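Everything on this sheet refers to the single structure shown next.
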Amino acid sequence: SVSPGDTSVLAGLYGPAEAKVSKELPDRAALEVLLRPKVGLPGVLERSREQLLRQTCEAVVLGVLHPRTAISLVLQVLSDAGSLLSCCLNAACMALLDAGLPLTALFCGVTCALQPDGTILLDPTARQEQDARAILTFAIASSERKVLMATTKGSCSVEEMQQCLAAAQRAANIIFQFYRDSVRRRYSKS
Amino acid sequence: MAAERGMAAEALVGQVVLPGDLLLLPAHYDEDAEGERLRLSAGAAPQGRLLCGPGLRRSGAGLLVTKCGLLRHRPGGGGAYWVDSQQKRYVPVKGDHVIGIVTAKAGDVFRLDVGGSEPASLSYLAFEGATKRNRPNVQVGDVIYGQFVVANKDMEPEMVCIDSSGKSSGMGIIGQDGFLFKVSLGLIRKLLAPKCEIIKELSQLYPFELVLGMNGRIWVKAGTVQQTLIIVNILEACEYMTAEQRKEALAKLSGN
């Protein structure tokens with residue numbers, strides 16, 4: 001489970017497993033993401049987040065090595081105190097890493113909140129998200145910090161978006177270093 | 001582009017590598033290295049082709065890491081690089097010896113569950129001494145030790161219980177008693193390494209029979225049920241124990 005501050009998401013990855021005939025793809029693995037909220041049944045918001053996560057994961061997973069299989073990623077929200085989508089992205093990446101699926105790159109999620117006065121806040125809390133003018137979430141790949149996914153809630157100008165993107169790319173370095181340290185700790189035990 | 005981000009492969013041997021890391025090989029420091037054949041640098045005599053093992057993929061300037069783990073290198077015969085990663089899900093590979101469980105009989109072919117994404121198939125003629133008249137006595141639910149002859153991403157995996165000369169060499173149906181359990185693939189590789197201390201230490205405790213499948217399955221049979229369960233618990237715990245903790249646990253058990 002990954003938790004920046006108090007937001008916490010538990011991720012489980014199953015695969016490559018046998019796919020149902022209706023869902024299998026002939027040349028690549030069929031990736032499925034299930035996001036379960038802390039309370040209540042999954043609604044439209046969870047479905048749209050699942051699609052964003054699925055498209056991000058499909059961009060990095062080498063599905064061609066496992067055709068006609070199904071890879072399921074299940075995310076359970078344990079607590080939500082802001083920046084939920086980027087927490088889900090980080091949890092998804094760690095799950096892919098831990099399971100040993102072949103990846104072309106790693107990715108991380110960073111959320112930026114744009115305050116009414118123009119300042120940029122990274123990883124906002126729920127309170128800061130409510131007060132913000134716009135919230136931008138980026139999924140950034142480890143290879144040359146390319147952007148895999150960007151989603152915006154609220155309105156902002158193009159320059160402000162570019163500034164948020166630059167800040168997010170800088171923050172991504174810290175997250176990738178955290179990935180590297182966790183993996184090092186894991187392999188140092190054996 | 002990728003050249004600044006790539007690191008020399010030799011520098012990272014024995015270190016943790018993450019997917020997306022690019023490894024540069026000595027040949028590509030020269031201007032006239034070709035993409036097709038990997039050649040060692042001008043000073044050394046050409047020794048053959050470099051092998052790119054699990055966890056690595058050829059990509060233009062060098063090797064792209066696709067799994068996280070420790071980078072390993074074997075210098076003999078042109079050299080080989082691979083990534084030692086910890087995984088629990090098995091992907092069938094040709095030549096691997098695995099333990100499968102018979103789930104169905106479809107005409108002349110048995111379907112076996114080997115823990116991969118598809119059931120493997122095993123023909124009834126692929127046993128030692130099997131003919132059309134003399135069929136092997138295999139029932140649904142039997143445990144079988146065999147090796148893969150066909151295992152790629154495009155086709156259903158196929159297993160046999162004889163080797164290339166027609167002898168069974170330990171493969172075939174595994175007997176009635178005993179205990180089958182699953183561990184991670186890394187532990188199996190550790191147990192199969194040439195000088196494995198775990199097996200030697202366990203054999204001093206009680207005599208037992210052991211079958212290791214590369215798909216993470218282990219079958220154990222000892223004198224009594226209690227001894228079998230003790231060995232199962234030690235093998236499962238070996239994954240997380242250090243060598244000293246293991247010796248302590250075994251000393252306590254042999255003392256009792």
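Residue numbers begin at 1 in each chain, while the letters A, B, ... track the order of the sequences. Computed from a prediction, not measured in an experiment: that's the story for all the values here.
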For the student: nearest non-hydrogen atoms of [X] and [Y], plus distance:
X        : Y         : answer
Met94(A) : Phe178(A) : SD-CE2, 4.3 Å
Trp82(B) : Gly53(B)  : CB-CA, 3.9 Å
Asp84(B) : Tyr187(A) : O-CE2, 3.8 Å

With a 4.5 angstrom heavy-atom cut-off, which part of [X] approaches chain A: side chain, backbone, both or neither?
X         : answer
Met155(B) : backbone
Val91(B)  : side chain
Asp154(B) : both

What side-chain donor-acceptor pairs closer than 3.5 Å can you find for residues 37-45 of chain A, not counting sequence neighbours?
none

Residues that Leu52(A) engages under side-chain contact (heavy atoms from CB on, under 4.5 Å), provided they are two or more places apart: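 Per chain and number, Leu52(A) pairs via side-chain contact (heavy atoms from CB on, under 4.5 Å) with Leu85(A), Met149(A), Thr151(A).
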[X], part contacting chain B, at a heavy-atom distance under 4.5 Å:
X         : value
Asp98(A)  : backbone
Ala17(A)  : both
Leu101(A) : backbone

Sole candidate of Leu78(A), Asp80(A), Leu84(A) that passes side-chain contact (heavy atoms from CB on, under 4.5 Å) when paired with Val9(A):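 Among Leu78(A), Asp80(A), Leu84(A), the one that satisfies the side-chain contact (heavy atoms from CB on, under 4.5 Å) with Val9(A) is Leu84(A).
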Largest heavy-atom contact set with chain A, pairs under 4.5 Å, which of Val16(B), Val17(B), Leu18(B):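 Greatest number of close heavy-atom pairs with chain A: Leu18(B).
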Leading residue by heavy atom contact count with chain A [cutoff under 4.5 Å; candidates Lys88(B), Glu118(B), Lys67(B)]: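 Of Lys88(B), Glu118(B), Lys67(B), Lys67(B) has the most heavy-atom pairs under 4.5 Å with chain A.
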What donor-acceptor contacts under 3.5 angstrom involve side-chain atoms of residues 99-112 of chain B, with partners at least two apart or in another chain?
{"from": "Thr103(B)", "atom 1": "OG1", "to": "Arg111(B)", "atom 2": "O", "distance (Å)": "3.1"}
{"from": "Lys105(B)", "atom 1": "NZ", "to": "Val138(B)", "atom 2": "O", "distance (Å)": "3.3"}
{"from": "Arg111(B)", "atom 1": "NH1", "to": "Glu156(B)", "atom 2": "OE2", "distance (Å)": "3.0"}

Salt bridge present between Lys153(A) and Glu129(A) (N-O < 4.0 angstrom):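 Looking at Lys153(A) and Glu129(A), the cut-off is not met.
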Gln51(A)/Arg54(A) under side chain to side chain donor-acceptor pair (under 3.5 Å): CA gap, chis, key distance, verdict: CA-CA 5 Å; Gln51(A) 290 308 310; Arg54(A) 194 180 65 82; 3.2 Å; yes
Inter-chain contacts: residues 59-77 of chain A against chain B, heavy atoms under 4.5 Å: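 So far as heavy atoms go, Leu62(A), Val64(A), Leu65(A), His66(A), Pro67(A), Arg68(A), Thr69(A) are the residues that approach chain B to under 4.5 Å.
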Pair Gln86(B), Arg186(A): side-chain N/O donor-acceptor within cut-off below 3.5 Å: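 Result is yes, a qualifying pair exists.
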